[in-house]
Amino acid sequence: MSPFFVLIILSVLSLSSTISLDSKSTYIVHIKHQNKPDIYSTYHEWYTATLSSLSSLSTTDFDSNSNSNPLLYTYTTAYNGFAASLTSQQVDELLKSDYVIGIYQDTLYQLHTTRTPEFLGLQTHSGLPKGLVNETLNKSLYDVIIGVLDTGVWPESKSFNDTGFPAIPKRWRGECESGKDFASSLCNKKLIGARSFSKGFSMAMKNKNDEGSETIIKSPRDTEGHGTHTASTAAGSYVTNASFFGYASGIARGIAPQARVAAYKVCWADGCFSSDILAGMQRAIEDGVDVLSLSLGGTSAPYFSDAVAIGAFAAIKKGIFVSASAGNSGPTPESVSNVAPWITTVGAGTLDRNFPAYAVLGNKKQLTGVSLYSGKGIGNKPVSLVYNKSSSLCTAGSLDPKLVNGKVMVCDRGSNGRVAKGEIVKKAGGVGMILANTADSGEESIADKHVLPAVAVGKKDGDTIREYVGSDPNPTVVLSFGGTVLDVKPAPVVAAFSSRGPNTVTPQILKPDIIGPGVNILAGWTGVVKPSTLLTDTPTSPFNIISGTSMSCPHISGLAALIKAAHPKWSPSAIKSAIMTTAYTLDNTNTTLHEASVGAVSTPWAHGAGHVDPQKALSPGLVYDASANDYVTFLCSLNYTLEHVKTIAQNPNVNCSRKFSDPGQLNYPSFSISFGSNKRVARYTRTLTNVGDANSVYNVAVDGPLTVNIIVKPSELVFGKVLEKKRYTVTFVSKKDVAIKAAFGSITWSNSQHQVKSPIAFTWSSK
Ligand SMILES: *[C@@H]1O[C@H](CO)[C@@H](O)[C@H](O)[C@H]1NC(C)=O
Ligand SMILES: *[C@@H]1O[C@H](CO)[C@@H](O)[C@H](O)[C@H]1NC(C)=O
Ligand SMILES: *[C@@H]1O[C@H](CO)[C@@H](O)[C@H](O)[C@H]1NC(C)=O
Ligand SMILES: *[C@@H]1O[C@H](CO)[C@@H](O)[C@H](O)[C@H]1NC(C)=O
Ligand SMILES: *[C@@H]1O[C@H](CO)[C@@H](O)[C@H](O)[C@H]1NC(C)=O
Ligand SMILES: *[C@@H]1O[C@H](CO)[C@@H](O)[C@H](O)[C@H]1NC(C)=O
Ligand SMILES: *[C@@H]1O[C@H](CO)[C@@H](O)[C@H](O)[C@H]1NC(C)=O
Ligand SMILES: *[C@@H]1O[C@H](CO)[C@@H](O)[C@H](O)[C@H]1NC(C)=O
């Protein structure tokens with residue numbers, strides 16, 4: 001990202017703390033829809049009238065050509081209300097109206113920045129197993145539409161090649177909007193829609209008198225790269241001879257190569273405003289997408305003030321599956337975002353592919369790290385190695401060229417960007433860099449295209465190097481680069497950066513739900529941005545390799561499209577259940593999944609149900625289904641006001657006559673139980689729906705800590721029909737005076753063909 005964007009966003013954020021009486025900000029105003037007076041034929045008219053009655057606004061402001069129109073968006077599908085640019089005085093006036101439920105300041109959400117289909121076992125052309133695809137199903141694969149809310153799209157990318165695609169589904173109501181550098185003819189039968197929503201972003205710039213807003217491309221064109229990467233990961237067409245400067249070469253394709261893509265640009269390099277996200281979600285729902293993919297998130301908040309949660313509720317009411325990234329704030333506990341139970345929350349793991357690079361120290365020790373460096377190496381003569389404790393982060397201006405010139409610098413990870421460190425070393429005359437992890441990043445290896453020969457190593461090897469430099473009077477190193485290697489073991493490993501549970505908004509729901517590939521992912525890229533803005537002398541690349549839960553999320557979106565094609569009648573919750581209960585928790589060395597930060601065994605707070613297994617997700621046997629009404633019952637069991645429940649459900653008739661005794665009663669494919677000194681028993685009822693063979697018998701197996709007794713009744717479920725539902729109860733009884741704070745387990749229903757596994761997280765508090 002360019003320094004320019006960093007500046008803009010800092011000033012956007014500072015808006016909230018510096019509101020003077022006259023300064024305007026964007027607010028999302030939550031309205032009781034049912035209160036619309038009959039004299040207004042549309043909500044838009046009503047909101048316009050409401051706003052024009054406020055002090056210091058006149059009707060001429062509402063001229064549609066006026067730049068000062070304070071009404072930015074009218075929401076009807078994904079939200080009830082509008083977004084407007086208002087002074088704090090006008091906000092106070094509005095709050096006095098009895099049809100205003102709440103007013104929220106526009107918040108900034110962050111983007112959660114070849115081999116994956118093979119690693120996931122999806123080897124056929126369609127992405128589905130061979131035996132499953134008949135002509136009918138082959139056709140319906142082309143009927144699924146994935147809406148991607150992101151930084152837009154680079155339509156010229158070969159990943160959107162529509163050769164062989166049949167006509168666009170008739171039900172599609174989307175559009176290919178023309179705009180700056182974007183002609184509507186750029187869409188095709190693969191990329192069937194492209195729209196841009198920038199009013200919230202522009203208003204934030206304008207309110208700050210930031211001229212920068214004029215340079216923002218107000219069109220669906222992706223000038224950042226992120227949106228092209230996520231869209232092509234979910235549904236990119238086959239591209240032969242794809243690679244990133246020779247790395248990860250092969251055939252690139254998305255998870256659902258026959259699905260259609262619609263891009264909704266709601267984000268810029270450093271973020272996305274909730275007003276724009278809501279407008280994009282509303283449009284995508286109205287346009288007719290089947291899957292919504294959101295590789296973005298904010299800090300966790302109650303669902304009634306979380307734009308993504310509310311927009312996603314509107315989507316699932318229409319049967320649209322919503323997947324969202326868990327966030328990149330791991331391994332910090334309680335960092336997971338997008339935790340609403342109707343969203344599928346996706347964390348990130350590694351692939352079995354790596355880009356090894358080697359550092360051979362003067363004492364002959366050979367250490368293996370990673371790199372995507374593709375230029376000339378430093379040769380095979382040992383070069384002096386430097387580590388300066390007081391400028392170990394290699395930040396700008398901290399390196400003394402006299403010290404660095406002609407040498408290889410050891411830089412600690414953290415604070416500034418990984419590639420930026422290399423740039424600083426190079427400027428100071430360094431010939432190479434070892435990027436060494438610290439405790440925060442642990443053993444996670446992220447490969448980057450560095451500006452100079454550079455090797456990234458984990459914390460342990462980093463410590464070895466730091467110790468060596470400190471103890472040898474003439475430390476030296478030789479760096480070399482190993483290209484791309486496959487079948488790396490162990491894999492997958494949960495990424496250190498992948499955000500962790502527990503869920504702070506609703507502790508009774510375990511989050512994240514699932515992990516998918518999110519480390520060093522190759523996918524399509526924009527033609528205007530270099531792989532890094534620091535790589536000034538490098539050409540652009542049609543592909544890029546990047547990491548984040550932003551990258552794992554579209555893998556799940558693509559899989560949801562495949563499942564939808566195979567099972568068009570399944571609800572979003574059934575699809576989520578299929579993905580979760582078939583996930584695996586053993587890596588490719590047949591060992592329990594590990595996580596990268598400290599190399600410890602991973603838990604459901606890091607990996608949810610486990611790593612996605614697409615083949616199995618297509619045929620789960622049983623599903624835990626839940627309807628929009630069930631989610632309303634769930635919301636009614638939170639201590640929200642009825643108005644807030646109506647807001648999220650977008651249904652004025654909700655009365656909360658049904659509520660769960662505990663939000664954990666929701667028919668969810670996982671369990672999260674908190675015991676306290678007064679609470680040692682938890683009992684839940686779950687309902688399983690048979691989506692496998694008509695006649696099938698399942699038996700239960702439980703796995704848990706010695707401190708909890710788990711009793712499931714009945715222990716056998718006998719199904720005689722497809723879609724038949726059977727209930728079971730599970731009782732968790734904690735021992736007295738448990739000294740540990742957390743433990744994990746699982747409940748698995750199996751027959752000869754299927755294993756339907758639910759993870760359980762237990763916590764104990766002294767309360
Ligand atoms: C095609 O496959 C689908 C899913 O496997 C199945 O439901 C459908 O009956 C099959 N159609 C034909 C014509 O065989
Ligand atoms: C599905 O259709 C595509 C062309 O539309 C064709 O190339 C492919 O072979 C078909 N696959 C199967 C399994 O029928
Ligand atoms: C598009 O795909 C077709 C078939 O897969 C291929 O023949 C053609 O070369 C591709 N076009 C481009 C521009 O890559
Ligand atoms: C494959 O891609 C590489 C790098 O982009 C390029 O140099 C080469 O010419 C391509 N080969 C073919 C057969 O297109
Ligand atoms: C190490 O870095 C500090 C702070 O930038 C600098 O003042 C000092 O000169 C460096 N040490 C050596 C030995 O050059
Ligand atoms: C994996 O380990 C389990 C026991 O933990 C064992 O039953 C199974 O056979 C092993 N599988 C392989 C492929 O080694
Ligand atoms: C709701 O409030 C009641 C009373 O304060 C409390 O007992 C209950 O645990 C709360 N429920 C939730 C889900 O927070
Ligand atoms: C609450 O809503 C349900 C379903 O819409 C309805 O059957 C019931 O009569 C309502 N109860 C009250 C007290 O309004």
Side-chain angles (χ1 to χ4, degrees), residues 114-130 132-135 137-146 148 152-169 172 176 178 181-194 219-223 225-263 484 521-531 539-546 554-555 557-559 561-562 565 614:
T114 87
R115 181 172 167 72
T116 52
E118 286 76 19
F119 180 66
L120 294 171
L122 296 170
Q123 283 163 10
T124 61
H125 186 277
S126 63
L128 287 175
K130 271 207 183 75
L132 192 66
V133 186
N134 55 29
E135 228 172 276
L137 178 49
N138 202 9
K139 280 214 189 85
S140 57
L141 284 165
Y142 288 112
D143 280 342
V144 187
I145 302 163
I146 304 177
V148 180
V153 66
W154 188 260
E156 294 85 357
S157 166
K158 285 182 183 169
S159 296
F160 306 116
N161 182 346
D162 70 347
T163 305
F165 271 62
I168 294 171
W172 178 241
C176 194
S178 57
D181 292 348
F182 202 100
S184 59
S185 59
L186 287 170
C187 290
N188 59 18
K189 287 184 273 187
K190 173 78 190 178
L191 177 66
I192 63 171
S219 86
R221 181 162 295 279
D222 181 10
T223 54
H226 193 272
T228 305
H229 202 277
T230 53
S232 58
T233 299
S237 297
Y238 277 73
V239 183
T240 51
N241 192 31
S243 84
F244 179 63
F245 298 100
Y247 282 100
S249 63
I251 297 171
R253 44 162 281 201
I255 298 300
Q258 288 170 237
R260 320 280 181 149
V261 176
T484 306
I521 304 299
L522 177 83
W525 198 244
T526 165
V528 287
V529 179
K530 304 202 167 170
T540 61
S541 162
F543 290 88
N544 197 1
I545 293 175
I546 51 177
H555 282 89
S557 313
L559 173 58
L562 294 181

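Order of appearance sets the numbers: ligands from 1, and atoms from 1 within every ligand.
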>> Could you identify the single nearest non-hydrogen protein atom to atom 10 (C) of ligand 3 and state the distance to 0.1 Å?
In response: N161 ND2, 2.4 Å
> Which heavy atom in P169 sits nearest to a heavy atom in Y142, and how many Å separate them?
Replying inline: CG-O, 4.1 Å
>> Just verifying a value: how many Å separate N188 CG and N161 CG, rounded to the nearest 0.5 Å?
In response: 7.5 Å
> Where the side chain of R260 meets the backbone of I192, is there a donor-acceptor pair that is under 3.5 Å apart?
Replying inline: no
> Is there a protein heavy atom less than 4.0 Å away from atom 7 (O) of ligand 3?
Replying inline: no
>> Students should be able to answer this: which protein heavy-atom is nearest to atom 14 (O) of ligand 3, and at what distance?
In response: K158 CD, 3.5 Å
>> Within this structure, what is the OG1-NZ distance for the pair T163 and K190, rounded to the nearest 0.5 Å?
In response: 11.0 Å
